Amino acid sequence: MGGRRGWQVVPYRQILARMRSGDTDRGIARSGLMARHKIAALRRIAEHAGWLDPRGALPEDKAVLARFTST
């Protein structure tokens, strides 16, 4: 099994879902899913990509991984 350690899609999708439901970065960080500074970076990327609009579907796993492995 190769790849970078720590690049898992499930936590990112969980965090995106919580962001879309209105949770704050601090609240998400308290859950232990990710550090607050990383959550803030994820929010910036997600806003730019249009992933936080609750009317749309969450991005596919491949799209999430592609965005994070290319940054």
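This one's a predicted model, so the numbers in the text were calculated from it and none came from an experiment.
Note: Tyr12 OH to Leu65 CG = 9.0 Å, rounded to the nearest 0.5 Å. Taking CG of Asp23 as the start and CD of Gln14 as the end, the distance is 12.0 Å to the nearest 0.5 Å. Distance check: Leu52 CG to Ile45 CD1 gives 11.0 Å after rounding to the nearest 0.5 Å. Atom-to-atom distance recorded for Arg43:CZ and Ile39:CD1 is 8.5 Å, nearest 0.5 angstrom.
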Quick one: do Val64 and Leu58 satisfy side-chain contact (heavy atoms from CB on, under 4.5 Å)? Show the steps, please. CA-CA 9 Å; Val64 174; Leu58 281 171; over 6 Å; no
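The shortest non-hydrogen separation linking Trp51 to Arg67 is CH2-CB, 3.7 Å. Nearest heavy atom pair, residue Ala29 against residue Ala35, reads CB-C, 4.5 Å.
Arg13 places a side-chain N or O within donor-acceptor distance of the main-chain N or O of Pro59, the cut-off being under 3.5 Å. Side chain of Arg36 to backbone of Gly27: no donor-acceptor contact under 3.5 angstrom is found.
Using a 4.5 Å heavy-atom cutoff, the side chains of Asp53 and Arg20 are not in contact.
Just one residue in the list Leu33, Thr24, Asp25 forms a side-chain contact (heavy atoms from CB on, under 4.5 Å) with Arg18, and that residue is Leu33.
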